[in-house]
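To find a chain, count down the sequence lines: A is the first, B the second, and so on, and within it residues start at 1. These numbers come from a predicted model, not from an experiment.
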Number of protein chains: 2
Amino acid sequence: MRHLADRMGIRAPSLYKHIESKEELEALLIADAFREFGQVFHDALADGRRSRRGAMRALARTYRGWALAHPHLYRLVTGGRLARERLPEGLEAWAAEPIVIAAGGDHDRARAAWAFAHGMTILELDGRFPPDANLDGAWSAGIAAFEG
Amino acid sequence: MRHLADRMGIRAPSLYKHIESKEELEALLIADAFREFGQVFHDALADGRRSRRGAMRALARTYRGWALAHPHLYRLVTGGRLARERLPEGLEAWAAEPIVIAAGGDHDRARAAWAFAHGMTILELDGRFPPDANLDGAWSAGIAAFEG
DNA sequence: GTCTATAGTGGGATAGAC
DNA sequence: GTCTATCCCACTATAGAC
């Protein structure tokens with residue numbers, strides 16, 4: 001909260017005239033992130049269907065790109081417990097919809113594909129792969145597995 | 001450190017007569033975890049090769065089971081930066097070896113399969129799947145994708 | 001190898017003046 | 001809507017007596 005206030009050019013206690021708690025602030029940031037990510041994710045699905053490379057590949061590229069462009073926000077959105085009671089109803093499901101569509105409506109396959117993408121992403125952000133690992137290759141291997 | 005000392009029936013500062021820092025203690029716990037997990041993971045590979053259900057399925061079952069049985073240790077081992085310089089050389093690679101073997105020596109496929117397993121596991125531990133999600137089904141879908 | 005006492009840091013949050 | 005002053009908490013770690 002102090003770092004945020006510094007960035008805004010005010011003192012930390014002043015933040016509490018605008019938001020009720022750190023948790024509420026985080027929920028607002030998460031909702032914004034779902035809206036922004038959901039939009040690019042839906043756009044990627046539309047693009048992927050038009051090209052010959054497939055929807056899964058387009059979604060994976062967009063997922064990874066968004067996460068690497070907003071690493072702290074990605075961790076905030078995907079790490080730890082999600083305060084769903086503070087989010088607009090249906091927002092999370094809407095943001096996730098493209099992967100369900102790409103999985104042909106199979107929720108099990110969609111969840112497996114999401115787990116793969118999240119695993120790749122968080123392991124990359126945490127620097128858990130060896131320095132010589134070919135991450136593009138690993139992404140391609142996983143995409144191929146879920147396209148089949 | 002205080003909780004640990006409580007459990008041991010001593011005061012927190014006394015811990016520092018045995019270990020140099022929290023980071024060293026964590027590295028010792030992580031090394032132990034790699035040894036224990038690596039053993040059951042290698043055993044699972046051997047079992048999986050003898051049965052008709054395939055090595056990937058046996059490894060996935062063991063991976064998930066170990067993580068759910070030791071959730072805090074799993075988070076310690078897989079979350080955040082790994083202090084590799086404090087670990088015995090080769091230990092991490094030895095623990096991971098079964099998945100590389102099951103992937104036919106293809107490191108890209110092995111990393112993709114690990115990312116899937118880690119993603120499923122950490123999302124389950126964090127309660128990120130909907131309450132009505134069929135996690136066994138999602139695991140099966142992912143295993144099928146990586147067996148193919 | 002244990003203890004008490006304490007240093008030092010950093011975090012979220014409130015009270016009350018302006 | 002901002003400020004200063006402050007509270008309270010949790011945490012890692014050290015100093016020094018026994």
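Across the protein-nucleic acid pair, A/L15 atom CG and D/dT2 atom P stand 9 Å apart, rounded to whole Å. Counting to the nearest Å, the P atom of C/dG11 and the CZ atom of A/R11 are 16 Å from each other. Taking atom CE of B/M8 as the reference point, atom P of C/dT2 lies 7 Å away to the nearest angstrom. Atom pair A/H3:NE2 and C/dG10:P shows a separation of 8 Å (rounding to whole Å applied). Computed from coordinates, the A/E24 CD to C/dG12 C1' distance equals 15 Å when rounded to whole Å. Between the NE2 atom of A/H18 and the C1' atom of D/dT2 there is a distance of 8 Å, rounded to whole Å. Distance, B/E26 CD to D/dC11 P: 13 Å, rounded to whole Å. Put simply, CG on B/L4 is 15 Å from C1' on D/dA13, counting in whole angstrom units.
For the salt bridge (Lys or Arg N to Asp or Glu O under 4.0 Å) condition, the pairs that include at least one residue of residues 27-37 of chain A, sequence neighbours left out, are A/D32-A/R35. For residues 137-148 of chain A, the side chain to side chain donor-acceptor pair (under 3.5 Å) pairs, not counting sequence neighbours, are A/R57-A/S140.
Ring pair B/F116/B/F146 is tilted by interplanar angle, where 30° to 60° counts as tilted.
Within the helix from C/dG1-D/dC18 to C/dC18-D/dG1, the inter-axis angle between the opening and closing five-pair segments is 10°, rounded to 10°.
Remark: A/F37 pairs with A/F41, A/Y63, A/W66 by the ring-ring contact (aromatic ring centres under 6.0 Å, His included) rule, at least two apart or across chains. Checked against side-chain contact (heavy atoms from CB on, under 4.5 Å), A/E23 has the following partners two or more places apart in sequence or in another chain: A/S21, A/A83, A/E85, A/R86. A search for ring-ring contact (aromatic ring centres under 6.0 Å, His included) contacts involving A/H107 returns nothing, not counting sequence neighbours. Under the rule for a side-chain hydrogen bond (donor to acceptor under 3.5 Å, both in side chains), the partners of A/R75 that lie at least two apart in sequence or sit in another chain are A/D126. Residues satisfying the side-chain contact (heavy atoms from CB on, under 4.5 Å) criterion with A/A103, sequence neighbours excluded, are A/M56, A/R109, A/A110.
Between D/dG1 and A/S14, no contact under 4.0 Å exists linking OP1 or OP2 to a side-chain N or O.
Residues A/Q39 and A/W94 come closest through the heavy atom pair N-CH2, 3.5 Å.
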Can you give me the N/O atom pairs linking the protein to nucleotides 13-16 of chain C at distances under 3.5 Å, or say none if there are none?
| from | atom 1 | to | atom 2 | distance (Å) |
| --- | --- | --- | --- | --- |
| C/dA13 | OP2 | A/Y16 | OH | 2.6 |
| C/dA13 | OP2 | A/K22 | N | 2.9 |

